[in-house]
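The structure under discussion appears below in the form of C-alpha coordinates.
What you see is a predicted model, and the numbers here were worked out from it, not measured in a lab. Letters A, B, ... mirror the listed sequences (proteins, then strands); counts begin at 1.
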2 protein chains.
Amino acid sequence: MLSNSDKAGDDAVAAFRAVIRVYGLLGRIMQPYFHGLGISGSQWSVLRALVRVEQEGREGLRMVELGDRLLIRPPSISGLVGRLQKSGLVWRYLPKSDLRCKEVRLTPKGRDLVDKILKTHRNQIRYLMCGLNSGERQELLTLLEKLGNHLYSITNGLKRNGASTGTVEDLRG
Amino acid sequence: MLSNSDKAGDDAVAAFRAVIRVYGLLGRIMQPYFHGLGISGSQWSVLRALVRVEQEGREGLRMVELGDRLLIRPPSISGLVGRLQKSGLVWRYLPKSDLRCKEVRLTPKGRDLVDKILKTHRNQIRYLMCGLNSGERQELLTLLEKLGNHLYSITNGLKRNGASTGTVEDLRG
DNA sequence: ATCATCTCCTTAGCATGCTAAGTAATTCAG
DNA sequence: CTGAATTACTTAGCATGCTAAGGAGATGAT
(Lines give C-alpha, C1' and ligand atoms only; values in the text may rest on other atoms or scores of the structure.)
Protein backbone atom coordinates (compact mmCIF):
# COMPACT_ATOMS: atom_id res chain seq x y z
CA MET A 1 0.00 0.00 0.00
CA LEU A 2 2.83 2.34 0.79
CA SER A 3 4.64 1.31 -2.38
CA ASN A 4 1.56 2.27 -4.36
CA SER A 5 1.44 5.72 -2.86
CA ASP A 6 5.19 5.98 -3.38
CA LYS A 7 4.60 5.54 -7.07
CA ALA A 8 1.77 8.05 -6.93
CA GLY A 9 4.23 10.47 -5.32
CA ASP A 10 6.66 10.25 -8.20
CA ASP A 11 4.61 12.40 -10.54
CA ALA A 12 4.11 14.88 -7.71
CA VAL A 13 7.88 15.24 -7.28
CA ALA A 14 8.45 15.44 -11.04
CA ALA A 15 5.82 18.16 -11.49
CA PHE A 16 7.15 20.04 -8.46
CA ARG A 17 10.65 20.02 -9.91
CA ALA A 18 9.34 21.09 -13.30
CA VAL A 19 7.72 24.19 -11.83
CA ILE A 20 11.00 25.16 -10.20
CA ARG A 21 12.97 24.55 -13.37
CA VAL A 22 10.63 26.57 -15.58
CA TYR A 23 10.63 29.42 -13.09
CA GLY A 24 14.43 29.40 -13.07
CA LEU A 25 14.58 29.45 -16.86
CA LEU A 26 12.08 32.32 -17.01
CA GLY A 27 14.25 34.26 -14.60
CA ARG A 28 17.38 33.66 -16.65
CA ILE A 29 15.67 35.22 -19.65
CA MET A 30 13.73 38.00 -17.97
CA GLN A 31 16.58 39.32 -15.85
CA PRO A 32 18.70 40.68 -18.73
CA TYR A 33 15.49 41.86 -20.43
CA PHE A 34 14.54 44.03 -17.46
CA HIS A 35 18.14 45.12 -16.99
CA GLY A 36 18.01 46.57 -20.49
CA LEU A 37 14.94 48.57 -19.42
CA GLY A 38 16.71 50.04 -16.39
CA ILE A 39 14.67 48.25 -13.72
CA SER A 40 14.43 44.80 -12.16
CA GLY A 41 11.66 42.22 -12.42
CA SER A 42 10.54 42.91 -8.86
CA GLN A 43 10.39 46.62 -9.55
CA TRP A 44 8.33 45.95 -12.67
CA SER A 45 5.86 43.94 -10.56
CA VAL A 46 5.36 46.96 -8.32
CA LEU A 47 4.89 49.41 -11.20
CA ARG A 48 2.49 47.02 -12.95
CA ALA A 49 0.41 46.58 -9.79
CA LEU A 50 0.17 50.35 -9.38
CA VAL A 51 -1.08 50.78 -12.95
CA ARG A 52 -3.68 48.08 -12.43
CA VAL A 53 -4.89 49.81 -9.31
CA GLU A 54 -5.26 53.10 -11.17
CA GLN A 55 -7.34 51.26 -13.76
CA GLU A 56 -9.55 50.07 -10.89
CA GLY A 57 -10.15 53.74 -10.04
CA ARG A 58 -7.95 53.99 -6.93
CA GLU A 59 -5.02 56.35 -6.71
CA GLY A 60 -2.59 54.23 -4.73
CA LEU A 61 -1.94 51.02 -2.82
CA ARG A 62 -1.03 50.50 0.82
CA MET A 63 2.28 48.76 1.36
CA VAL A 64 0.65 45.67 2.82
CA GLU A 65 -1.77 45.38 -0.10
CA LEU A 66 1.19 45.51 -2.44
CA GLY A 67 2.80 42.69 -0.48
CA ASP A 68 -0.35 40.58 -0.74
CA ARG A 69 -0.48 41.02 -4.51
CA LEU A 70 3.20 40.31 -4.99
CA LEU A 71 3.46 37.55 -2.37
CA ILE A 72 6.29 39.23 -0.50
CA ARG A 73 6.65 40.29 3.14
CA PRO A 74 6.49 43.84 4.52
CA PRO A 75 10.25 44.32 4.97
CA SER A 76 10.85 43.38 1.34
CA ILE A 77 8.18 45.85 0.22
CA SER A 78 9.83 48.60 2.23
CA GLY A 79 13.15 48.12 0.49
CA LEU A 80 11.65 47.69 -2.96
CA VAL A 81 9.45 50.78 -2.76
CA GLY A 82 12.28 52.75 -1.15
CA ARG A 83 14.56 52.07 -4.12
CA LEU A 84 11.77 52.92 -6.58
CA GLN A 85 11.17 56.18 -4.74
CA LYS A 86 14.89 56.99 -4.91
CA SER A 87 14.65 56.45 -8.68
CA GLY A 88 11.71 58.89 -8.81
CA LEU A 89 9.28 56.32 -10.25
CA VAL A 90 7.02 56.10 -7.23
CA TRP A 91 5.73 58.31 -4.47
CA ARG A 92 4.85 57.46 -0.86
CA TYR A 93 2.36 59.42 1.26
CA LEU A 94 0.30 59.11 4.43
CA PRO A 95 -3.45 58.65 3.87
CA LYS A 96 -5.38 60.83 6.35
CA SER A 97 -7.75 58.00 7.20
CA ASP A 98 -5.09 55.83 8.86
CA LEU A 99 -1.70 57.25 9.77
CA ARG A 100 -0.19 53.83 10.37
CA CYS A 101 -0.36 53.10 6.66
CA LYS A 102 1.57 54.48 3.76
CA GLU A 103 0.20 54.49 0.26
CA VAL A 104 2.28 54.23 -2.88
CA ARG A 105 1.44 55.66 -6.30
CA LEU A 106 3.20 56.21 -9.60
CA THR A 107 4.90 59.49 -10.36
CA PRO A 108 4.47 60.90 -13.91
CA LYS A 109 7.97 59.60 -14.64
CA GLY A 110 6.92 56.17 -13.39
CA ARG A 111 3.78 56.16 -15.51
CA ASP A 112 5.77 57.15 -18.59
CA LEU A 113 8.16 54.25 -18.03
CA VAL A 114 5.30 51.78 -17.62
CA ASP A 115 3.62 53.06 -20.79
CA LYS A 116 6.87 52.65 -22.69
CA ILE A 117 7.48 49.11 -21.42
CA LEU A 118 3.89 47.99 -21.97
CA LYS A 119 4.23 48.73 -25.69
CA THR A 120 6.54 45.76 -26.14
CA HIS A 121 6.08 43.73 -23.00
CA ARG A 122 3.28 41.53 -24.24
CA ASN A 123 5.36 40.50 -27.23
CA GLN A 124 8.21 39.49 -24.96
CA ILE A 125 5.97 37.28 -22.82
CA ARG A 126 4.32 35.85 -25.91
CA TYR A 127 7.74 34.90 -27.23
CA LEU A 128 8.69 33.14 -24.01
CA MET A 129 5.47 31.17 -23.99
CA CYS A 130 5.35 30.26 -27.67
CA GLY A 131 6.82 26.86 -26.88
CA LEU A 132 3.20 25.97 -26.11
CA ASN A 133 0.28 26.59 -28.44
CA SER A 134 -2.78 28.50 -27.30
CA GLY A 135 -4.70 25.44 -26.18
CA GLU A 136 -1.73 24.16 -24.22
CA ARG A 137 -1.24 27.54 -22.57
CA GLN A 138 -4.86 27.58 -21.47
CA GLU A 139 -4.56 24.04 -20.16
CA LEU A 140 -1.40 25.02 -18.27
CA LEU A 141 -3.18 28.05 -16.84
CA THR A 142 -6.10 25.93 -15.66
CA LEU A 143 -3.83 23.42 -13.92
CA LEU A 144 -1.68 26.11 -12.30
CA GLU A 145 -4.73 28.00 -11.04
CA LYS A 146 -6.10 24.86 -9.47
CA LEU A 147 -2.75 24.07 -7.89
CA GLY A 148 -2.36 27.70 -6.82
CA ASN A 149 -5.70 27.67 -5.03
CA HIS A 150 -4.65 24.56 -3.13
CA LEU A 151 -1.29 26.08 -2.18
CA TYR A 152 -2.94 29.34 -1.16
CA SER A 153 -5.20 27.49 1.26
CA ILE A 154 -2.10 25.88 2.78
CA THR A 155 -0.44 29.25 3.30
CA ASN A 156 -3.59 30.47 5.03
CA GLY A 157 -3.30 27.45 7.29
CA LEU A 158 0.27 28.47 8.06
CA LYS A 159 -0.88 31.99 8.89
CA ARG A 160 -3.56 30.74 11.28
CA ASN A 161 -1.11 28.41 13.03
CA GLY A 162 1.27 31.21 13.90
CA ALA A 163 4.76 29.76 14.42
CA SER A 164 4.33 26.80 12.14
CA THR A 165 7.16 24.92 10.47
CA GLY A 166 5.29 24.34 7.24
CA THR A 167 5.23 20.57 7.31
CA VAL A 168 2.53 18.07 6.53
CA GLU A 169 2.35 17.22 10.20
CA ASP A 170 1.71 20.81 11.22
CA LEU A 171 -1.17 21.06 8.86
CA ARG A 172 -2.70 17.62 9.13
CA GLY A 173 -1.44 15.81 12.19
CA MET B 1 -4.33 40.89 -37.45
CA LEU B 2 -2.51 42.47 -34.57
CA SER B 3 -5.66 42.48 -32.52
CA ASN B 4 -5.97 38.75 -33.07
CA SER B 5 -2.45 38.14 -31.90
CA ASP B 6 -3.10 40.48 -28.98
CA LYS B 7 -5.86 38.17 -27.89
CA ALA B 8 -3.59 35.19 -28.47
CA GLY B 9 -1.07 36.90 -26.21
CA ASP B 10 -3.49 37.11 -23.31
CA ASP B 11 -3.31 33.45 -22.44
CA ALA B 12 0.47 33.65 -22.70
CA VAL B 13 0.55 36.45 -20.11
CA ALA B 14 -1.94 34.67 -17.87
CA ALA B 15 0.02 31.41 -17.95
CA PHE B 16 3.28 33.27 -17.38
CA ARG B 17 1.85 35.00 -14.34
CA ALA B 18 0.45 31.71 -13.04
CA VAL B 19 3.90 30.08 -13.11
CA ILE B 20 5.30 32.96 -11.08
CA ARG B 21 2.44 32.85 -8.59
CA VAL B 22 2.67 29.10 -8.04
CA TYR B 23 6.42 29.32 -7.59
CA GLY B 24 5.94 32.07 -5.00
CA LEU B 25 3.36 30.02 -3.12
CA LEU B 26 5.62 26.96 -3.16
CA GLY B 27 8.41 29.08 -1.70
CA ARG B 28 6.18 30.41 1.07
CA ILE B 29 5.45 26.86 2.16
CA MET B 30 8.84 25.26 1.60
CA GLN B 31 10.88 27.95 3.32
CA PRO B 32 9.62 27.29 6.87
CA TYR B 33 9.70 23.54 6.12
CA PHE B 34 13.42 23.65 5.31
CA HIS B 35 14.07 26.04 8.16
CA GLY B 36 12.73 23.38 10.51
CA LEU B 37 15.28 20.95 9.04
CA GLY B 38 18.19 23.31 9.66
CA ILE B 39 19.00 24.09 6.02
CA SER B 40 17.61 26.22 3.19
CA GLY B 41 15.94 25.14 -0.04
CA SER B 42 19.02 26.04 -2.06
CA GLN B 43 21.22 24.03 0.23
CA TRP B 44 18.88 21.08 -0.11
CA SER B 45 19.18 21.32 -3.90
CA VAL B 46 22.95 20.97 -3.59
CA LEU B 47 22.78 18.02 -1.21
CA ARG B 48 20.17 16.32 -3.38
CA ALA B 49 22.30 16.77 -6.51
CA LEU B 50 25.30 15.28 -4.75
CA VAL B 51 23.33 12.20 -3.72
CA ARG B 52 22.07 11.74 -7.27
CA VAL B 53 25.62 11.92 -8.56
CA GLU B 54 26.72 9.26 -6.11
CA GLN B 55 23.92 7.06 -7.37
CA GLU B 56 25.30 7.58 -10.88
CA GLY B 57 28.59 6.11 -9.62
CA ARG B 58 30.61 9.35 -9.43
CA GLU B 59 32.10 10.58 -6.18
CA GLY B 60 31.61 14.32 -6.63
CA LEU B 61 30.55 17.20 -8.87
CA ARG B 62 32.58 20.08 -10.22
CA MET B 63 31.28 23.50 -9.17
CA VAL B 64 30.28 24.42 -12.70
CA GLU B 65 28.36 21.15 -13.17
CA LEU B 66 26.47 21.90 -9.98
CA GLY B 67 25.58 25.31 -11.37
CA ASP B 68 24.28 23.78 -14.59
CA ARG B 69 22.03 21.38 -12.70
CA LEU B 70 20.72 24.05 -10.34
CA LEU B 71 20.50 26.85 -12.94
CA ILE B 72 22.64 29.23 -10.91
CA ARG B 73 25.84 31.11 -11.77
CA PRO B 74 29.36 30.31 -10.52
CA PRO B 75 29.55 33.06 -7.87
CA SER B 76 26.31 31.83 -6.30
CA ILE B 77 27.64 28.27 -6.23
CA SER B 78 30.80 29.44 -4.48
CA GLY B 79 28.83 31.04 -1.68
CA LEU B 80 26.34 28.21 -1.35
CA VAL B 81 29.00 25.48 -1.21
CA GLY B 82 31.13 27.60 1.10
CA ARG B 83 28.33 27.83 3.65
CA LEU B 84 27.59 24.11 3.35
CA GLN B 85 31.27 23.38 3.92
CA LYS B 86 31.27 25.60 7.00
CA SER B 87 28.33 23.54 8.28
CA GLY B 88 30.36 20.36 7.70
CA LEU B 89 27.84 18.87 5.25
CA VAL B 90 30.03 19.02 2.16
CA TRP B 91 33.69 18.75 1.25
CA ARG B 92 35.63 20.50 -1.51
CA TYR B 93 38.83 19.09 -3.10
CA LEU B 94 41.05 19.54 -6.16
CA PRO B 95 40.82 16.72 -8.72
CA LYS B 96 44.33 15.85 -9.97
CA SER B 97 43.18 15.78 -13.58
CA ASP B 98 42.44 19.52 -13.73
CA LEU B 99 43.66 21.86 -11.05
CA ARG B 100 41.42 24.68 -12.19
CA CYS B 101 38.36 22.81 -10.99
CA LYS B 102 37.12 21.96 -7.55
CA GLU B 103 34.88 19.01 -6.87
CA VAL B 104 32.29 18.85 -4.13
CA ARG B 105 31.07 15.75 -2.33
CA LEU B 106 28.97 14.91 0.72
CA THR B 107 30.60 14.35 4.09
CA PRO B 108 29.22 11.46 6.21
CA LYS B 109 27.35 14.10 8.23
CA GLY B 110 25.88 15.46 4.99
CA ARG B 111 24.81 12.03 3.81
CA ASP B 112 23.16 11.31 7.17
CA LEU B 113 21.17 14.52 6.92
CA VAL B 114 20.04 13.73 3.37
CA ASP B 115 18.98 10.23 4.41
CA LYS B 116 16.99 11.65 7.30
CA ILE B 117 15.25 14.25 5.15
CA LEU B 118 14.51 11.84 2.31
CA LYS B 119 12.44 9.69 4.69
CA THR B 120 9.71 12.32 4.82
CA HIS B 121 10.46 14.60 1.91
CA ARG B 122 8.37 12.80 -0.68
CA ASN B 123 5.32 13.03 1.57
CA GLN B 124 5.79 16.76 1.92
CA ILE B 125 5.96 17.28 -1.85
CA ARG B 126 3.02 14.94 -2.36
CA TYR B 127 1.01 17.04 0.07
CA LEU B 128 1.84 20.26 -1.76
CA MET B 129 0.84 18.77 -5.08
CA CYS B 130 -2.33 16.99 -3.94
CA GLY B 131 -4.42 19.89 -5.23
CA LEU B 132 -4.08 18.08 -8.56
CA ASN B 133 -4.87 14.43 -9.12
CA SER B 134 -2.35 12.09 -10.68
CA GLY B 135 -3.53 12.60 -14.25
CA GLU B 136 -3.47 16.36 -13.84
CA ARG B 137 0.03 16.25 -12.36
CA GLN B 138 1.26 14.25 -15.33
CA GLU B 139 -0.41 16.66 -17.73
CA LEU B 140 1.19 19.58 -15.89
CA LEU B 141 4.56 17.86 -16.07
CA THR B 142 4.20 17.30 -19.81
CA LEU B 143 3.33 20.95 -20.45
CA LEU B 144 6.09 22.29 -18.23
CA GLU B 145 8.69 20.03 -19.84
CA LYS B 146 7.67 21.22 -23.28
CA LEU B 147 7.80 24.84 -22.16
CA GLY B 148 11.08 24.22 -20.36
CA ASN B 149 12.71 22.84 -23.50
CA HIS B 150 11.64 25.94 -25.41
CA LEU B 151 12.97 28.26 -22.70
CA TYR B 152 16.21 26.32 -22.47
CA SER B 153 16.80 26.81 -26.17
CA ILE B 154 16.31 30.56 -25.67
CA THR B 155 18.90 30.65 -22.87
CA ASN B 156 21.34 28.86 -25.16
CA GLY B 157 20.68 31.58 -27.69
CA LEU B 158 21.49 34.18 -25.05
CA LYS B 159 24.73 32.37 -24.25
CA ARG B 160 25.79 32.29 -27.90
CA ASN B 161 25.03 35.98 -28.35
CA GLY B 162 27.33 37.02 -25.52
CA ALA B 163 26.22 40.41 -24.18
CA SER B 164 22.59 40.06 -25.10
CA THR B 165 19.75 41.91 -23.42
CA GLY B 166 17.34 38.98 -23.56
CA THR B 167 14.70 40.55 -25.76
CA VAL B 168 12.71 39.15 -28.64
CA GLU B 169 14.65 41.41 -30.97
CA ASP B 170 17.99 40.06 -29.84
CA LEU B 171 16.93 36.55 -30.57
CA ARG B 172 14.84 36.97 -33.68
CA GLY B 173 15.39 40.36 -35.26
C1' DA C 1 58.27 26.25 -26.84
C1' DT C 2 55.69 30.31 -26.10
C1' DC C 3 52.21 33.66 -25.95
C1' DA C 4 47.33 34.37 -26.34
C1' DT C 5 43.12 32.60 -25.17
C1' DC C 6 39.88 29.98 -22.65
C1' DT C 7 37.99 27.86 -18.58
C1' DC C 8 37.04 27.57 -13.69
C1' DC C 9 36.70 29.56 -9.51
C1' DT C 10 36.63 33.46 -6.34
C1' DT C 11 35.88 38.22 -4.52
C1' DA C 12 33.44 42.64 -4.41
C1' DG C 13 29.33 44.99 -4.58
C1' DC C 14 24.46 45.24 -5.38
C1' DA C 15 19.24 43.83 -5.22
C1' DT C 16 15.89 40.94 -3.25
C1' DG C 17 13.90 37.78 -0.17
C1' DC C 18 13.38 36.29 4.76
C1' DT C 19 12.83 36.52 10.28
C1' DA C 20 13.13 39.05 14.53
C1' DA C 21 12.52 43.02 16.89
C1' DG C 22 11.13 47.89 17.40
C1' DT C 23 8.02 52.17 16.80
C1' DA C 24 3.83 54.52 15.95
C1' DA C 25 -1.16 54.56 15.23
C1' DT C 26 -5.55 52.31 15.83
C1' DT C 27 -8.93 49.41 18.01
C1' DC C 28 -11.11 47.06 21.61
C1' DA C 29 -12.19 45.63 26.47
C1' DG C 30 -13.20 47.19 30.82
C1' DC D 1 -11.54 57.09 29.05
C1' DT D 2 -7.57 54.21 29.66
C1' DG D 3 -4.52 50.33 28.99
C1' DA D 4 -3.83 46.07 26.25
C1' DA D 5 -3.79 44.06 21.99
C1' DT D 6 -3.53 44.57 17.08
C1' DT D 7 -1.93 46.47 12.78
C1' DA D 8 1.39 48.82 9.58
C1' DC D 9 5.66 49.93 8.59
C1' DT D 10 10.72 50.11 9.38
C1' DT D 11 15.45 48.60 10.65
C1' DA D 12 19.02 45.09 11.39
C1' DG D 13 21.11 41.09 10.00
C1' DC D 14 21.35 37.06 7.17
C1' DA D 15 21.08 33.97 2.75
C1' DT D 16 20.78 33.86 -2.10
C1' DG D 17 20.87 35.44 -6.68
C1' DC D 18 23.26 38.47 -10.15
C1' DT D 19 27.26 41.13 -12.95
C1' DA D 20 31.98 42.65 -13.28
C1' DA D 21 36.56 41.86 -12.64
C1' DG D 22 40.63 39.16 -11.37
C1' DG D 23 43.88 35.10 -10.72
C1' DA D 24 45.48 30.44 -11.69
C1' DG D 25 45.60 26.43 -14.57
C1' DA D 26 44.85 24.31 -19.27
C1' DT D 27 44.74 24.62 -24.31
C1' DG D 28 45.95 25.94 -28.84
C1' DA D 29 48.05 28.50 -32.73
C1' DT D 30 52.23 29.54 -34.60
In this structure, would B:V46 and B:Y33 fall into the same cluster of hydrophobic residues linked by side-chain contacts under 4.5 Å?
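Yes; tracing contacts between hydrophobic side chains, which count when under 4.5 Å, links both residues.
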Which is more 5' along DNA chain C, the nucleotide nearest B:G79 or the one nearest A:L80? Just name the residue.
B:G79
Could you say whether B:H35 or B:I77 is positioned toward the 5' end of DNA chain C, judged by the nucleotide with the nearest heavy atom to each?
B:I77
Side chain of [X] only, heavy atoms from C-beta on: which candidate in [options] is closest?
| X | options | answer |
| --- | --- | --- |
| B:R62 | D:dT16, C:dC9, C:dC18 | C:dC9 |
| B:P75 | D:dG17, C:dG17, C:dT10 | C:dT10 |
| B:R73 | D:dT19, C:dC9, D:dA15 | D:dT19 |

Where does the angle between the aromatic ring planes of A:H150 and B:Y127 fall among parallel (under 30°), tilted (30 to 60°) and perpendicular (over 60°)?
perpendicular
Answer yes or no: does a side-chain N or O of [X] lie under 4.0 Å from OP1 or OP2 of [N]?
| X | N | value |
| --- | --- | --- |
| A:S76 | C:dG17 | no |
| A:S42 | C:dA15 | no |
| B:R92 | C:dT10 | yes |
| B:R83 | D:dA15 | no |

Any N/O pairs under 3.5 Å between the protein and nucleotides 22-26 of chain D? List them or say none.
unit_1: D:dG25; atom_1: N2; unit_2: B:R100; atom_2: NH1; d: 3.1
unit_1: D:dA26; atom_1: OP1; unit_2: B:L99; atom_2: N; d: 3.1
unit_1: D:dA26; atom_1: O4'; unit_2: B:R100; atom_2: NE; d: 3.4

Can A:L143 and A:K146 be said to form a side chain to side chain contact (heavy atoms under 4.5 Å, CB included), step by step?
CA-CA 5 Å; A:L143 292 169; A:K146 187 170 177 186; 5.8 Å; no
Let me confirm one number: the CD1-CD1 distance from A:I72 to A:I77, rounded to the nearest 0.5 Å.
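Answer for the CD1-CD1 pair, A:I72 versus A:I77, is 3.5 Å.
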Correct closest heavy-atom pair for A:L99 and A:L94 would be O-CD2, 3.9 Å
